[in-house]
> 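Quick one: structure below, then a few questions.
By convention in this document, chain letters (A, B, ...) are assigned in the order of the sequence lines, proteins followed by strands, and residues within each chain are numbered from 1.
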Amino acid sequence: MPELPEVETLCRQLRELIAGKKILAIRILDSKLENIENLEGRTIRLPCRAGKCLHFRLDDGRVLMLHLRMTGRLLWQTDQPVPASHTRFIMQFDCGRLDLIDPRRFATLGVQNENPAPKAEFDPLNNFSPRLLWERGGKKILPIKSFLMDQRYIAGIGNIYACEILHEISISPRRKTSDLSLAEWRKLVIAARDILNKAITCRGTTVSDWRDLFGQKGEYQNHLRVYAKEGEPCCHCGGIIERVKLSGRGTYFCPACQL
DNA sequence: CCCTATGTTCCCAA
DNA sequence: CTTGGGAACATAGG
């Protein structure tokens, strides 16, 4: 479930708790998860986010990588000795315990020996140049929403924020990527940064079960304008929000003003 | 029973 | 090679 703002929220909360801390013990409670050797005794450096992925660099140079996929959650526990149901992985520190909870068991855990190369060409909060996006998208005839959500191109944007960003700039999710003008890419870059940063400030979007590291709901669901708003009036033009299927995903937009 | 789900990957067809 | 569609992964909830 988590997209960039949710993973960033976890990352910031983790930095306060486990940067520089030693892993006392781990427990893997799901045979689907990769068995990771020799984590005990290692110290975690500053946790980092890469798209929707969390990277925990260790003092021996290895990098523990966690992707939460659809239903993965991280929960910080200090006084609950019994893990919640669907707990798949536990890391014990002297100050508390980090639990990975994942009902659908899609989350992935892995270790690499060195820093992984960036997976995406663009990052909405760092290198997000309208001109480079315009050049890159210039020959793509796929829908702009599919382009925004493709993690090979752009890091961290998923279904909720793709819908919100496109609505903000009044562009249809079905528009061909190559149709966007440089001016439209400029608007997109600004809208993406605004929306994602605001969502980070709100600690993410809780429409069903997203929770932060301490089990708290986010607040950005109170600012959504199209996602899960089928049948409601558009805040820009009063048109009725529709839901269609695009790239296999429920897609919310205003057919009256998103052209 | 039906459908849906904030993600990714793989296979197949056009 | 590019794109789109569907299934798969596994589970909960409406």
> His67(A) side chain N/O closer than 4.0 Å to the phosphate oxygens (OP1, OP2) of dG7(B)?
no

> Counting N and O atoms only, with roles assigned by atom type, does the side chain of Ser172(A) sit under 3.5 Å from a partner on the main chain of Arg174(A), one being a donor and the other an acceptor?
yes

> Using a 4.0 Å heavy-atom cut-off across all strands, classify Ile141(A) as base, sugar-phosphate, or nothing.
sugar-phosphate

> Does Lys52(A) put a side-chain nitrogen or oxygen below 4.0 Å from OP1 or OP2 of dT8(B)?
yes

> Of all the nucleotides listed (dT3(C), dT6(B), dG7(B)), which has the minimum atom distance to the side chain of Met149(A)?
dG7(B)

> Measuring from the side chain of Glu3(A) (C-beta onward, heavy atoms only), which nucleotide among dT3(C), dA5(B), dG7(B) has the closest atom?
dG7(B)

> Would you check if Ile26(A) and Phe89(A) make a side-chain contact, meaning some heavy-atom pair closer than 4.5 Å?
yes

> Taking the same atom, C1', in dC1(B) and in dC9(C), what whole-Å distance lies between them?
22 Å

> 5'-most contact on DNA chain B: Lys119(A) or Glu6(A), nearest heavy atom basis?
Glu6(A)

> Exactly one of Arg49(A), Arg203(A), Glu3(A) should register a side-chain contact (heavy atoms from CB on, under 4.5 Å) with Glu8(A). Which one does?
Arg49(A)

> Mind checking the CZ-NZ spacing from Arg69(A) to Lys52(A)? Nearest 0.5 Å is all I need.
10.0 Å

> Look at the side chain of Arg104(A) and the base of dA12(C), then say whether one donor and one acceptor between them are separated by less than 3.5 Å.
no

> Between Met70(A) (CE) and dT4(B) (C1'), how many Å, whole number?
9 Å

> Taking CZ in Arg15(A) as the centre, count heavy atoms belonging to other residues, nucleotides or ligands within less than 6.0 Å. Is the count above 12?
yes

> Indicate yes or no for a side-chain donor-acceptor contact from Lys229(A) to the backbone of Ile241(A) under 3.5 Å, with no hydrogens or angles considered.
no

> Any side-chain N or O of Arg249(A) under 4.0 Å from OP1/OP2 of dT6(B)?
yes

> Please say which of Trp210(A), Tyr161(A), Tyr220(A) ends up in a side-chain hydrogen bond (donor to acceptor under 3.5 Å, both in side chains) with Glu6(A).
Tyr161(A)

> Output the rounded distance in Å from NZ (Lys140(A)) to P (dG4(C)).
10 Å

> For Gly158(A), answer base if it contacts any base atom (sugar-phosphate contacts may also be present), sugar-phosphate if it contacts only those atoms, and nothing otherwise; contact means non-hydrogen atoms under 4.0 Å.
sugar-phosphate

> Tell me which nucleotide among dT6(B), dA10(C), dT8(B) gets nearest to the side chain of Phe106(A).
dA10(C)

> Heavy atoms only, 4.0 Å cut-off, all strands: where does Leu142(A) land among base, sugar-phosphate and nothing?
sugar-phosphate

> Once you apply a heavy-atom cut-off of 4.0 Å, does Pro143(A) come out as touching a base, just sugar-phosphate, or nothing?
sugar-phosphate

> Angle between ring planes, Tyr252(A) versus Tyr227(A), binned at 30° and 60°: parallel, tilted or perpendicular?
perpendicular

> Taking OP1 and OP2 of dA5(B), is either one under 4.0 Å from a side-chain nitrogen or oxygen of Arg243(A)?
yes

> So what does Gly250(A) touch, heavy atoms closer than 4.0 Å: a base, only the sugar-phosphate, or nothing?
sugar-phosphate

> Within the structure, does a side-chain N or O atom of Lys32(A) lie under 4.0 Å from either OP1 or OP2 of dC9(C)?
no

> Does a side-chain N or O of Tyr161(A) approach OP1 or OP2 of dT6(B) to a distance below 4.0 Å, or not?
no

> Find the distance Arg174(A):CZ to dG4(C):C1' and express it as a whole number of Å.
14 Å

> Please determine whether a side-chain nitrogen or oxygen atom of His86(A) lies at a distance below 4.0 Å from atom OP1 or OP2 of dA12(C).
yes

> What distance, rounded to whole Å, do you find between the two C1' atoms, one in dT6(B) and one in dG4(C)?
22 Å

> Rounded to whole Å, please give me the gap between CZ in Arg69(A) and C1' in dA10(C).
13 Å

> Whole-Å distance between dT6(B) C1' and Tyr220(A) OH?
14 Å

> Using the P atom on both, measure dA10(C) against dC10(B) and round to a whole Å.
15 Å

> When you measure from the side chain of Lys245(A), which nucleotide among dT4(B), dG7(B), dT6(B) comes out closest?
dT4(B)

> To the nearest angstrom, how far is Glu34(A) atom CD from dC9(C) atom P?
20 Å

> State whether the side chain of Asp99(A) and the backbone N or O of Thr87(A) hold a donor-acceptor pair below 3.5 Å, judged by distance alone.
no

> What's the closest nucleotide to the side chain of Met1(A) if the choices are dT6(B), dT3(C), dC9(C)?
dT6(B)

> Would you mind reading off the distance between Met65(A) atom CE and dT8(B) atom P, rounded to a whole angstrom?
14 Å

> Rounding to the closest angstrom, what is the interatomic distance between dG5(C) and dT4(B) at atom P?
15 Å

> Measure the distance from CG on Leu33(A) to P on dA10(C) and round it to the nearest whole Å.
12 Å

> So do the side chains of Asp94(A) and Lys22(A) get within less than 4.5 Å of each other, counting heavy atoms only?
no

> Can you run through DNA chain B from 5' to 3' and write each base as (, ), [, ], | or . depending on how it pairs? Watson-Crick or G-U wobble, both distances under 3.5 Å.
.||||.||||||||

